[in-house]
Amino acid sequence: MTLQSEPGDDGVTIVRMDGRLDLLIAAEVKQQLAELIASGHRRLIFDLDRVSVVDSSGLGALISGLKAARQAGGDLRIARANNQVRTLLSLTMLERVLRPYETLEEARAGYSQIVAD
Amino acid sequence: MNRLVQTVLPADPDLRTELRLGLLRVLVAANLLLGFLYLSWRYTATINWAAWPIAIGLVIAETYSYIDAWLFGLTLWRLKQRGEPPPPLPNVTVDVFITCYNEPVEIVRETAIAARDIRYPHRTYLLDDGNSPAMHAMAKEIGIGYLVRTEEWKGKQRHAKAGNLNNALCQTNGEFLLVLDADQIPSPDILDRTLGYFADERVALVQTPQWFYNVPPDDPLGSQAPLFYGPIMQGKDGWNAAFFCGSNAVLRREALMQIGIANYVRDLELRVQRALRTADTLLRHAARQAQTVENGGVQAAIAHLQAAVRTSRRMLREGRPIQEVTWYFQQRAAAAARPLVAEDLARLRAEVATIPGLDEDEDLTTNLSRSLDDEAILHELTIRERSPLAAIATVRELLLAVDVDRADEAQPVMPLATISVTEDMATAMRLHAAHWRSVYHDEILARGLAPEDLRSALQQRLRWAQGTIQVMLRENPLITPGLHWGQRLMYFATMWSYLAGFFVVIYLSAPIFYLIFGMLPVRAQAEEFFWQLVPYLITNELVFAIAGWKRATWRGRQYSLALFPLWIQAVISAIGNVYAGRPLGFVVTPKVRQGGMHLWGQLRLVRIQVITMALLTLSAIWGLTRLALGVQTDGIPTLVNVFWIGYDLLMLSVVIDAALYQPEEQEQPIAAVAT
């Protein structure tokens, strides 16, 4: 498995991976996210802390994950993106859709705050 | 003549290039200056108000042509001859895509084998949109990959070739991709000759010419485009505006994916705004009606939803990410609807499903998702009389339909633009708008099959013209953000040239109006008219001669005039498509001759041109007869008009050649391959 998943008590699952999230691995990541969601992990936080580089194919995989999570009634958040990822998010305007949360706590708070609202 | 040129010109090719460009610029400048003088004179001193309809019409047509001369002149001004390409990038991954739909397997096989045997290391895929077992078997037999649409595409818009390529992009991962039409046989060095340009990391596209081997030297159907795949593309290249032409081009995956994502975001933002606006209107109506209904649950639900819509719109205005806005709204909408009785919801869902303009065969979410592209259907949603409960259900469904993706599309991200039947031009424009660079490499590196009969050739031209106009209407280059002004004009130039049909009608009818009805559009002394016009025309011809040096550009010029009914049809149908949603009818250009048509059938395809030729001829005879009989005393205007008629007939006659054209059977490459 490229992705490691860590389910939390609050129904939010943290997803992690190492290295490059690029065109070579995008299809696999997309597939694994879909499987994870299908197995009931509907609320995801993709932790990018140990991801060194993301390219636009990698972003495509994240968008697919977001779509799959939404279709299952859940959501996918991203957190702890490095500068390279932030630059690409801004270049492709994807930050208008997918907000990069600074910390895992913030991303998690996003879920509970809105549900409670 | 040629020998004279050889001795006069310097031997150094670089110097020759310089010299040619210099000469071209002098001629372009002279032509535009003379044109300016001519048109100023025409506007101020020569309009014959007594015959104002044709007089005004003609001067407008001449203005159109003058603007066209400017756009052409600007294109040539930066003509870029790149010469030898840089050495290919080492160790990059390349996918070669062959797109096919329903072409004969033997034609595709030849392309596929040549693609497989390209020297630079790569993977070859056959992208079969026809889903044909024979094609699959062939791909397997020669050892290349075979891709068809995935499950995700079931019941979704297919987007023709753009959809085919987008589907393949999601299943492959090469850093670069070479796109080939089913009939475009690549030479083994095509990648070696093009990959070097990508050393510049901002280069997203390298386009090479399309050239057809089944066309006789006189090219009766005007299939070759030596002016376009030559000076025009070289000129656009000089402005960093070389187009992607759909085949024989190498693209950078990263660039395509980036513009795909950017477009996904733009599209999503627009749709969320529209959905919220529509929801707001709907709820306001519903709230008014609900005051008369004694149902506390309904009133509360409406109030809840109104608050949710208001908050969502505020969040969007504040620049909160769409993910948060839609998530927030969906949670709130679900909560608002919860108190309502389940059976009510079921009944109302059924009511919503009957909204006019929505397709009954599809599920509601897909339907509403698609409605967000259509302001008319959205408007219909808001004005229909409906119960407050139905309004709630509609709003709820509408906002479930606007999610972080489109329920009516197979893939959230579409790297190749799907707004037009000519996906290539739209894609190139988006690349340029995102500040990517493009290269036109003027060397034939693939050889293809042109349509071999008039009907197919006309269909192909119609599709290109329709697609270009679609792009102009949907993503007008003059206002698209991100483009440099030179790039704007280079895109606009091609679009402008497709508007020619309307003006050709004026040019063609002017001599008829004069010779038959005596309506003279230009009031001027013959001598002055001559000195104003002729230098302008001569420099115009010289520009063409130097720009198209050693290239057969005459056919193309004939067709650009002679196909005027087709250009008009293209513009009208594209407008109908973009603004009224009428189908264009996407036609894959047949690669084999469409048999069984007699001369009469061929001529019917160009009947408007034939009738026009007859009218012109009759007018000329009528005019000359009146002159000979002495009824008409002033001979000069008659002779000038008869001269124009001669020119028009020469241009129009190309369609007769085309209708008579019979390709020789033994030249058919299919026969050669089958053995």
Side-chain angles (χ1 to χ4, degrees), chain A residues 20-31 34 42-46 53-78 87-101 106-107 109-117, chain B residues 93 95 152 166 169-177 252-269 272 307-308 311 315-316 319-332 334-335 365 400 402-407 409-415 434-435:
Chain A
R20 302 172 63 95
L21 173 48
D22 63 6
L23 50 88
L24 287 177
I25 209 155
E28 200 181 320
V29 169
K30 175 184 166 184
Q31 178 65 27
R42 296 178 299 139
R43 293 186 173 180
L44 305 175
I45 296 172
F46 203 113
V53 173
V54 177
D55 73 358
S56 54
S57 301
L59 291 186
L62 292 178
I63 293 173
S64 298
L66 176 60
K67 173 184 172 176
R70 281 296 177 95
Q71 280 173 348
D75 206 7
L76 181 143
R77 308 272 159 90
I78 55 171
T87 308
L88 187 64
L89 283 171
S90 137
L91 191 70
T92 57
M93 306 199 307
L94 192 61
E95 61 185 4
R96 291 288 305 115
V97 177
L98 210 55
R99 169 173 157 191
Y101 290 90
E106 262 183 57
Y111 276 112
S112 48
Q113 173 211 328
I114 282 170
V115 176
D117 185 79
Chain B
T93 53
D95 294 327
E152 290 163 332
N166 284 333
L169 276 166
C170 279
Q171 298 178 61
T172 52
N173 60 15
E175 292 161 77
F176 297 94
L177 42 133
R252 187 190 291 272
R253 176 185 291 260
E254 180 64 18
L256 280 180
M257 288 302 295
Q258 281 190 18
I259 59 162
I261 291 172
N263 205 64
Y264 156 78
V265 175
R266 247 195 311 272
D267 189 54
L268 199 60
E269 204 161 12
V272 171
T311 310
M315 286 168 79
L316 210 56
R320 300 277 286 275
I322 292 166
Q323 177 183 37
E324 283 179 15
V325 178
T326 52
W327 175 260
Y328 166 80
F329 189 85
Q330 290 180 5
Q331 304 296 315
R332 289 292 300 264
T365 314
L400 288 174
V402 264
D403 198 345
V404 293
D405 103 276
R406 319 185 38 149
E409 297 280 11
Q411 297 177 180
V413 176
M414 295 279 190
H435 307 297

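So you know, we letter chains A, B, ... as the sequences are listed, proteins then strands, and number each from 1.
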Q) Which residues in residues 20-27 of chain A have a heavy atom less than 4.5 Å from any heavy atom of chain B? A)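 Counting heavy atoms that sit under 4.5 Å from chain B, the residues of residues 20-27 of chain A involved are A:L23, A:L24.
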
**Q.** A:T92 side, atom OG1; B:I259 side, atom CD1 - distance, nearest 0.5 Å
**A.**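 Reported value, rounded in 0.5 Å steps: 12.0 Å.
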
Q: Output the distance between atom CG (B:N263) and atom CE (A:M93), rounded to the nearest 0.5 Å.
A: 8.0 Å

Q.
Please give me the minimum heavy-atom distance between A:R99 and B:Q323, naming the atom from each residue.
A.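 Taking every non-hydrogen atom into account, N-OE1, 3.8 Å.
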
Q: Sort out for me which of A:I63, A:L66, A:L59, A:D75 touches chain B most, counting heavy-atom pairs under 4.5 Å.
A: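 When all of A:I63, A:L66, A:L59, A:D75 are compared, A:D75 has the most.
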
Q: Without swapping roles, check the side chain of B:Q330 against the backbone of A:G73 for a donor-acceptor pair under 3.5 Å.
A: no

Q. Pick from B:V325, B:I261, B:V413, B:T93: which one has the most heavy-atom pairs with chain A under 4.5 Å?
A. B:I261

Q.
If we define contacts as heavy-atom pairs under 4.5 Å, which of B:A262, B:P321, B:A255 has the most with chain A?
A. B:P321

Q.
Does any backbone or side-chain atom of B:Q258 lie under 4.5 Å from a heavy atom of chain A? Answer side chain, backbone, both or neither.
A. both

Q: Identify, with sequence neighbours excluded, every residue that meets side-chain hydrogen bond (donor to acceptor under 3.5 Å, both in side chains) alongside B:Q171.
A: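 Partners of B:Q171 under the side-chain hydrogen bond (donor to acceptor under 3.5 Å, both in side chains) test: B:N167.
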
Q.
Measuring only between side-chain heavy atoms, which start at C-beta, is A:R96 closer than 4.5 Å to B:R266?
A. no

Q. Under the side-chain hydrogen bond (donor to acceptor under 3.5 Å, both in side chains) rule, what pairs show up with a residue in residues 54-67 of chain A, not counting sequence neighbours?
A. A:S56-B:E254

Q: Please name all residues satisfying ring-ring contact (aromatic ring centres under 6.0 Å, His included) with B:Y264, sequence neighbours left out, ordered by chain then number.
A: none

